[in-house]
Engineer: 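This is the structure I have questions about; it appears just below.
Worth knowing before you read on, the calculation uses all heavy atoms, side chains too, and leaves out hydrogens, waters and symmetry mates. Order of listing sets the numbers, starting from 1, for every ligand and every atom in it.
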Amino acid sequence: MEDDLKSLHEAVLVADEDAALKETRRLLEAGADPRTILETGLAAAMFELGQRWNRGEAFLPEVVAAADVFRLCGELVEPALAARGEKQARHLMVIGTVKGDLHDLGKNIVAALLRTAGFEVRDLGKDVPAERFVEAVRELRPKILGLSALLTTTMLEQKTVIEALAGAGLRPAVKVIVGGAPVTAQWAREIGADAYAANAPQAIEVALGLVGGAASGGGGGGVGG
Ligand code: B1M
């Protein structure tokens with residue numbers, strides 16, 4: 001299993017679609033935890049590629065190709081994840097990547113894992129304007145709204161959404177969780193979010209805490225204080 005996860009990691013890094021899909025199928029058939037496949041195999045590879053990009057050791061076309069392979073493998077894993085969440089009580093959550101931001105791989109993982117924890121997740125996609133989030137909260141009345149941002153420039157849009165919710169009189173109606181690589185607990189506090197989560201497993205913990213399903217803890221969680 002360890003070796004298969006390693007092979008999957010390598011295949012995503014070099015954007016070898018056939019090998020990555022084969023390894024994902026092999027892991028699923030061997031009964032590997034789909035969360036582990038997502039986090040340890042797929043997400044860790046994208047993280048490493050991001051670091052290589054930071055150091056100038058990887059280039060945009062490689063990142064785009066790897067992101068595509070990541071998405072295809074994620075689609076294979078999702079049914080196994082969804083099957084885990086089916087028997088649990090459903091809390092509605094709306095999630096999306098904010099306006100101006102096209103990064104959705106992390107948000108997709110967060111959404112997929114939340115489904116395994118008993119949340120019904122409405123994913124509004126990426127590049128979502130504040131008005132669309134407000135409209136979704138007004139119409140769907142979710143317990144939680146999740147805002148993902150991967151760019152330092154688009155983090156500001158998380159604040160815009162929270163302000164737009166307040167302007168529409170909807171802020172008390174929904175708990176807001178913010179996340180994404182440049183986002184911090186301090187930023188979450190500054191913009192008046194209810195919680196921050198650093199990664200997908202933390203997002204589950206935090207979301208369950210907000211709906212009274214479990215105590216939140218770890219590195220993420222409420223932003224008060
Ligand atoms: Co872009 N990109 N990118 N990119 N990209 C980053 C973010 C960057 C750090 C790379 C770099 O320069 N080193 C940099 C941002 C710099 C900054 O603002 N500080 C950057 C840039 C500059 C850009 C462009 C401007 C590049 C260009 O065109 N010149 C451009 C912008 C496009 C736009 O959005 N308008 C761009 C484009 C792209 C691609 C399209 C090629 C592709 C995205 C494909 C896609 O998402 N469908 C891409 C990618 C893949 C990356 C990196 C390499 C990887 C991001 C990723 O998917 N990671 C990234 C480098 C990096 O992050 N170090 C980079 C894997 C994913 C599983 O992790 O998204 O962090 P992550 O999600 C985690 C947590 O953050 C958290 O949980 C997830 C899972 O554990 N999380 C949440 C995320 N959302 C959450 C929400 C929550 C809670 C937790 O609650 C609601």
Engineer: Would Lys159 and Glu190 count as a side chain to side chain contact (heavy atoms under 4.5 Å, CB included) if you check the C-alpha gap in whole Å, the side-chain angles of each, and the deciding distance to 0.1 Å?
Structural biologist: CA-CA 9 Å; Lys159 183 168 185 254; Glu190 269 174 47; over 6 Å; no
Engineer: Heavy atom to atom 75 (O) of ligand 1, shortest distance: which of Ala43, Ala181, Pro201 holds it?
Structural biologist: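 That would be Ala181.
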Engineer: So which of Gly180, Gly96, Ser148, Gly106 gets nearest to atom 82 (C) of ligand 1, if we judge by its closest heavy atom?
Structural biologist: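 Residue with the shortest heavy-atom distance to the ligand atom: Gly180.
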Engineer: Would you say Ala198 contacts ligand 1, with heavy atoms under 4.0 Å as the rule?
Structural biologist: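 In this structure, Ala198 qualifies as a contact of ligand 1 - some heavy atom is under 4.0 Å.
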Engineer: In terms of hydrophobic clusters joined by side-chain contacts under 4.5 Å, are Val161 and Leu150 together?
Structural biologist: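 The answer is no; the residues belong to distinct hydrophobic clusters.
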Engineer: Indicate yes or no: does Glu75 engage Arg71 in a salt bridge with an N to O separation below 4.0 Å.
Structural biologist: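 Yes, charged N to carboxylate O under 4.0 Å.
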Engineer: Does a salt bridge link Arg25 with Glu23, judged by any charged N lying under 4.0 Å from a carboxylate O?
Structural biologist: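 A salt bridge is absent here (no side-chain N lies under 4.0 Å from a carboxylate O).
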Engineer: Would you indicate which of Val110, Val64, Asn54, Asn199 comes nearest to atom 41 (C) of ligand 1 when only heavy atoms are counted?
Structural biologist: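 Comparing heavy atoms across Val110, Val64, Asn54, Asn199, the nearest one to atom 41 (C) of ligand 1 lies in Val64.
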Engineer: Among Leu49, Leu60, Asp104, which one has a heavy atom closest to atom 45 (C) of ligand 1?
Structural biologist: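 Going through Leu49, Leu60, Asp104 one by one, Asp104 has the nearest heavy atom to atom 45 (C) of ligand 1.
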Engineer: For the residue pair Thr154 and Ala149, what are the closest heavy atoms and their distance?
Structural biologist: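 Taking Thr154 first and Ala149 second, the nearest heavy atoms are OG1-CB, 3.9 Å.
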Engineer: Any non-hydrogen protein atom below 4.0 Å of atom 86 (C) of ligand 1?
Structural biologist: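 Yes, there is one.
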Engineer: Could you check whether any side-chain heavy atom of Arg122 comes within less than 4.5 Å of a side-chain heavy atom of Leu140, counting everything from C-beta outward?
Structural biologist: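 A side-chain contact under 4.5 Å exists here.
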Engineer: Quick check on the hydrophobic clustering: are Ile95 and Leu38 connected, directly or via other members, by side-chain heavy-atom contacts under 4.5 Å?
Structural biologist: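 Yes, same cluster.
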Engineer: Can we say Lys6 and Glu10 salt-bridge, meaning some charged N sits less than 4.0 Å from an Asp/Glu carboxylate O?
Structural biologist: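 No, no charged N to carboxylate O under 4.0 Å.
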Engineer: Looking at Glu2, I want to see if its CD is surrounded by more than 12 non-hydrogen atoms of other residues, nucleotides or ligands under 6.0 Å.
Structural biologist: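 No, the 6.0 Å shell around CD holds no more than 12 heavy atoms from other groups.
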Engineer: Looking at ligand 1, would Pro182 count as a contact under a 4.0 Å heavy-atom criterion?
Structural biologist: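 Judged by the 4.0 Å heavy-atom criterion, Pro182 does not count as contacting ligand 1.
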Engineer: When you compare ligand 1 with Thr152, is there at least one nitrogen or oxygen pair between them that comes in under 3.5 angstrom?
Structural biologist: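 Right, the criterion is met.
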Engineer: Could you list which atoms of ligand 1 come closer than 4.0 Å to a heavy atom of Ala197?
Structural biologist: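 Answer for ligand 1: 88 (C), 89 (C).
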Engineer: How about Val63 and Pro61: do any of their side-chain heavy atoms sit closer than 4.5 Å?
Structural biologist: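 No; the side chains remain at least 4.5 Å from each other.
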Engineer: With a 4.0 Å cut-off, would you call Arg132 and Asp127 a salt bridge?
Structural biologist: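 No, no charged N to carboxylate O under 4.0 Å.
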Engineer: Do you know how many protein N, O or S atoms are within a distance smaller than 2.8 Å of atom 1 (Co) of ligand 1?
Structural biologist: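 There are 1 of them.
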Engineer: Does the residue Glu39 have a heavy-atom contact with ligand 1, meaning some pair of atoms that are separated by less than 4.0 Å?
Structural biologist: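 Checking ligand 1 against Glu39, which is what was asked, there is a heavy-atom contact under 4.0 Å.
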Engineer: Check whether any N or O atom of Ala200, backbone or side chain, sits under 3.5 Å from an N or O atom of ligand 1, and answer yes or no.
Structural biologist: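 There is such a contact, yes.
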